Amino acid sequence: MSRFGEVDDQYDPHALEQRVFDYWDDVDAYEQTVEHRSDGDSFFFVDGPPYTSGSAHMGTTWNKSLKDVYIRFLRMQGYDVTDRPGYDMHGLPIETRVEERLGFENKKDIEEFGEDEFIRECKEYADEQLEGLQSDFQDFGVWMDWDDPYRTVEPEYMEAAWWGFSKAAERGLVEKGHRSISQCPRCETAIANNEVEYEDVEDPSIYVKFDLQDREGSVVVWTTTPWTIPANTFVAVDPDLTYQGVRAEREGEEEVIYVAEDCVEGVLKEGRYDDYEVLETLTGEEMVGWEYEHPLAEEVPDHVDVDDALQIYDAEYVEADRTGLVHSAPGHGEEDFERGRELGLPIFCPVAGDGVYTDQAGTYEGQFVKEADEEIIADLEDNGAMLSSGTVHHSYGHCWRCDTGIVQIVTDQWFITITDVKDELLDNIEDSEWHPQWARDNRFRDFVEEAPDWNVSRQRYWGIPLPVWTPEDRDDDEDMIVISDREELVERVDQEIEYDSVDLHKDTVDELTITEDGKTYTRVPDVFDVWLDSSVASWGTLNYPSDDSRFDELWPADLILEAHDQTRGWFWSQLGMGTAALGESPYQEVLMHGHALMPDGRAMSKSKDILIDPHEAIDRHGRDVMRLFLLSNNPQGDDMRFSWDGMQTMEDNLRTLWNVFRFPLPYMRLDGFDPQETTLDEVDTNLELIDEWVLARLQSTKAEMTEAFEDYRQDKALEALLEFVVEDVSRFYVQAVRERMWEEEDSASKEAAYATIYRVLRETVALLAPYAPFVSDEIYGTLTGGAEHDTVHMCDWPDVEEYWVDDQLEEDVAFLRAIEEAGANARQQAGRKLRWPVPRVVVAADDERVAEAVERHTDLLEDRLNAREIELVSAENRWEELRYSAEADMSELGPAFGGRAGQVMNALNEARIDEPDLEALEAAVADVLEEGESIEESMVSFVTETPDDIAGTAFSLDGDDRGVAYVDASLTADIESEGYAREVIRRVQEMRKDLDLDVEERIVLEVEIDDDRVASLVEDREDLIREEVRADDLRTVEDGHRKEWDVDGVAMEIALEPVAAAEASD
RNA sequence: GGGCCAAUAGCUCAAUUAGGUUGAGCGCCACUCUGAUAAGGUGGAGGCUCUCGGUUCAAAUCCGAGUUGGCCCA
């Protein structure tokens, strides 16, 4: 790009972003930037791998944009940042997609198709999805190492998981166990609790009577899963809860039932009983030990019937809900299972992995459990055990992938027993710093405290195989071999295999055996839970252990950055694995952001088609705008509502920046300004106050941004930058500096302005670069013309330069701007347009600082307020035309007046006095003061009241009133003369524009005004008019552009034509 | 059903991290400026600070209960 070259008139994001993409390609911008920092201190960032199914949605886009902004910022601070993106490519979601694609219904179809073929299909599918995600991320302008992502399906990565698992095994944390798990009967595998999705469904709701053995009557239990009744083993009560036995009557028949006292009415109503009487009241504890008969004893001959079974026991999970008694089947529920084991009861589970009853289920054998509900209900009714049968809407767990209702069963699974290292886990939490901190101390800690052992085995195909071999004669963890990597595998297996050709997927290791000490070991056929894959990312991303060159230097990660759903996901799985394998937390800092919500606050949902597509956002506003919008949201914990208005605002801000940037270019180009020659140091002595001011503001902006960035609040940093660009540079500095740039001759002042705005723009684009990488680079290229780096992203993060820091000047100008604003307000009140001069503006300063500021910048104020004179009334003097009222300070009034403070405040606010002193004020509010009370100086501040003919507006800084600007709007002939002349000038300018005349084009002008007085006033300023509108001649115009105007009731007719045209027609 | 977080102007968010008369930007309306012009300026309307209770002279802020939304878990 050539320095100060022509740029688009309008900010056009699409053309610009395409140009920049091409440019980045041409100069290898990313590669250069990485290389540029290769000697810097290393910063180990680890990318949380998105799952490769579906495309990038707004949440992923926000996540990657956040990662990008921090990576770019860190690079600019000089760090050599690891930026390897990752993809999570194994697991059930992909298997189910592929099954759908191939039209499969269950595991049998897969077995027939062939395991190796199926794995190949899964890999192909995952690769396709990866491509889609990669191209999206690149399209968003995210700079990561796209040529070399870590993929959880590569052997290098898979052995990172093997290695971690083997380390955990070495520490004795790997165990095979009989546990109650959530099983998807379609996928025929255990699924993790966090893979269970709850949905509202209609299920049976049955109240069942269990007949008591040693006494009359029955206990009543309630359940929504009739299919678990065959496995009933005991009934649970709350020992402290009060229960009642009641004799209830229905259609003339009586029976005795036991339920919790609070549930009596509800149960009897449910069973349509007519009447009842209470027989006894007792605690749950008193009921413990009662024996009952299994209601399906005949249908299920194998039901649990040991001595201690079919009794009432106490349990913690009982609530006074429905009946207050809980049907408990250790084979079909985690809590029941735990309690059943404590009680030493058998764990009876007559259901296989596919959800079908086994032969242990008696007459129900061969039926799918959910389908057996109906028959079981019928049988219970026949037995007389059914008190009531209906349906209920409630939420029930479903498989996250195939949406099949889960069943709780007991199976053999492999676990990492993280409960054995719970204390270590809790300690390790302390070693990481979270933003926001509450996420760690409340949410994460609670979760870790509650976390059960981690079931890592899945009975599926597309995953990392468990590296566990067991002896042929037993399949528990007693004598297992855990292989840690490919090298060990090649060495120990019986078969001849090549290191480089072991893919490590199931089809390549299933047949391998190990024979040692005369014993042959075979592989456990399970694959890992997919959460285990990403849990080893902190070393997997380094290809450790196969490549150990950087592990010692980098590990653990300096930063990870994900959304709050990962508290129970990746934040947790990494901590668990890191602790189990290495005894340490694998990350040091966590930035936890929220979710992207719809504009109305709903969650986005792809399946329900409730979403904002990032591609649409880009089509409408461009990448930079989308990123700015996303990054303007608080990244710590809060959710983000997407907003098209917010997007538009960011586009407006960028357009303002674009206008500021292109404004000085033509002048710099014409004057041949060379920023390398004409540096700020060079023009230092010629800098005007406004230049020094904008440079001072630049320093405080940098300081504020750096602080916010280091606090992981890039949104605050962005706010500071945009305020600087829009408020300070665009609305104030550029306005003030324009005339200096229009000067045609060379001048020191103009050079100073060039050097100043150049520095401001040059640093601004560096500050903006992490957020809006495209527009920043284009501006940078135009400003530097190749004299510096090839891309702005190689720049250092701009540091504060003490030399230009000037807090006092910043405050001065803040005062002036406040005064100017108040003056403009007062003008409007007085009904005087800015175009018309006013004879004087009186500034009443409340303190010395304000007075100083006004004295030093009188000219600037005169100019901007279009006042003939600025009159300063200093703090110690009073402007005698004023009256006063008082404003109460409640922080003083409150303690002094207690409950009457509000009353006193109102009286003070209404008081009007001539002199601002306390005596006069006390007299004015005497009627609300009681004996001995007085108004102290600290309680009030006096406020001036505006006199007639003069409009006054108070100005303040940071919320504190600092004085008042009074505009005297009285008219004199001189002022009217200039006012009307300006009215004419403005209209002529507009007509010049109608004709599309060049700025320099000379014209001939004719002005006709009927009102003689106004005509003569305008005539007095003929010279001014001619100069301003470049009129060579004031005379009758024959064929020119002619228009009639009404200027506040005065009719004017104006005509003009270019001199050239006028001469031609003469 | 439980845990965590949030709730302030039409929208997005602030309110100096142990209370003191609620603010900004955007949007809307009116006016205004015009050599950045699909810009700029000024003003206006718009708030029982989600509800109820408590502590206090004083609560958006502290405490308790609830409502709604989000995430996680059951």
Side-chain angles (χ1 to χ4, degrees), chain A residues 9-11 193-194 196 198 317 319 321 334-335 394-395 397 436 438-439 441-447 449-451 563-569 572 592 594-595 597 599-603 629 632-634 636-646 648-653 655-656 658-666 715-716 719 722-723 726-727 730-732 734-735 738-739 741-742 820-829 831 833-835 864 887-902 905-906 909 953 958-959 985-986 989-990 992-993 998-1000 1028:
Chain A
D9 281 355
Q10 288 299 323
Y11 169 59
N193 286 334
N194 53 15
V196 177
Y198 288 81
Y317 52 80
E319 284 172 23
D321 183 45
E334 213 171 311
E335 289 174 319
H394 70 147
S395 67
W438 56 255
D441 293 343
N442 300 337
R443 203 172 175 164
F444 193 52
R445 175 167 287 277
D446 287 354
F447 179 74
E449 275 170 359
E450 297 297 316
H564 47 40
D565 56 332
Q566 298 302 330
T567 310
R568 277 112 218 272
W572 157 241
M592 184 192 89
H595 278 194
L597 306 180
D600 60 8
R602 284 177 303 166
F629 171 75
S632 69
N633 284 278
N634 183 346
Q636 296 195 16
D638 289 351
D639 288 337
M640 168 201 67
R641 278 199 200 194
F642 188 83
S643 157
W644 289 111
D645 279 351
Q648 186 59 52
T649 303
M650 285 303 157
E651 187 176 328
D652 293 345
N653 285 333
R655 189 181 305 113
T656 300
W658 187 259
N659 287 335
V660 168
F661 152 66
R662 74 189 184 86
F663 152 72
L665 293 181
D715 59 316
K716 285 191 167 181
E719 199 185 330
L722 292 178
E723 192 182 319
V726 174
E727 291 293 332
S730 173
R731 292 187 188 163
F732 200 75
V734 167
Q735 297 299 334
R738 275 192 301 189
E739 292 189 20
M741 301 225 176
W742 297 336
E820 183 191 339
E821 197 175 306
N825 183 329
R827 260 178 169 281
Q828 186 151 328
Q829 285 180 43
K833 305 179 223 184
L834 188 58
R835 201 183 293 145
R864 296 184 71 101
E887 193 173 0
D889 182 348
M890 284 309 285
S891 61
E892 297 289 341
L893 279 189
F897 291 96
R900 297 176 44 252
M905 177 189 81
N906 288 333
N909 286 347
T953 298
D958 299 331
I985 290 165
R986 184 181 107 49
Q989 299 288 29
E990 193 173 317
R992 285 181 62 109
K993 203 184 262 178
D998 190 83
V999 176
E1000 304 296 329
E1028 290 284 322

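Residue numbers start from 1 in every chain, and the chains themselves are labelled A, B, ... in the order their sequence lines are given, proteins ahead of strands. Predicted model, so just to flag it, every value in this text is computed and none were measured. The basis for the numbers below is simple: all heavy atoms, side chains too, and nothing from hydrogens, waters or symmetry mates.
Residues Lys716(A) and Arg641(A) both approach RNA chain B. Their nearest nucleotides, taken by heavy-atom distance, put Arg641(A) toward the 5′ side. Taking for each of Asp446(A) and Glu335(A) the nucleotide of RNA chain B with the nearest heavy atom, the 5'-most of the two is the partner of Asp446(A).
What separates CE of Met650(A) from P of G25(B) is a distance of 14 Å, to the nearest Å. For the pair Asp638(A) CG and A6(B) C1', the computed distance is 7 Å after rounding to whole Å. The interatomic distance linking Glu651(A) (CD) with G27(B) (P) rounds to 12 Å, in whole Å. Here G69(B) presents its C1' atom at 14 Å from NE2 of His595(A), a figure rounded to the nearest Å. Protein atom CH2 of Trp438(A) is 9 Å distant from nucleotide atom C1' of C71(B), rounded to whole Å.
Among the atoms of the strands shown, none is found under 4.0 Å from any heavy atom of Glu719(A). Note on Thr567(A): nothing from the nucleic acid sits closer than 4.0 angstrom, heavy atoms only.
More than 12 heavy atoms of other residues, nucleotides or ligands sit less than 6.0 Å from atom CD of Gln989(A).
Nearest nucleotide to the Asn659(A) side chain, out of A36(B), A38(B), A14(B): A36(B). Nearest to the side chain of Arg731(A), among C71(B), A38(B), C26(B), sits C26(B). Checking G27(B), A36(B), A14(B) against every side-chain atom of Asn634(A), the shortest atom distance belongs to A14(B). With distances taken from any side-chain atom of Val660(A) to the nucleotides A36(B), C5(B), A38(B), the minimum falls on A36(B).
Taking side-chain N and O atoms only, Gln989(A) has no distance below 4.0 Å to OP1 or OP2 of U34(B). Contact between the side-chain N/O atoms of Asn442(A) and the OP1/OP2 oxygens of G3(B) is not found at any separation under 4.0 Å. Of the side-chain N and O atoms in Arg738(A), none sit less than 4.0 angstrom from OP1 or OP2 of G35(B).
Nearest heavy atoms, Phe447(A) versus Thr567(A): CD2-O, 4.4 Å.
One cannot find a donor-acceptor pair under 3.5 Å joining the base of A39(B) and the side-chain atoms of Ser730(A). You won't find any donor-acceptor pair under 3.5 Å spanning the side chain of Arg443(A) and the base of C5(B), going by distance alone.
Taking 90° from 0 as the syn/anti boundary, the base of A7(B) is oriented anti.
Nucleotides C13(B) and C50(B) are separated by 15 Å at their P atoms, to the nearest Å.
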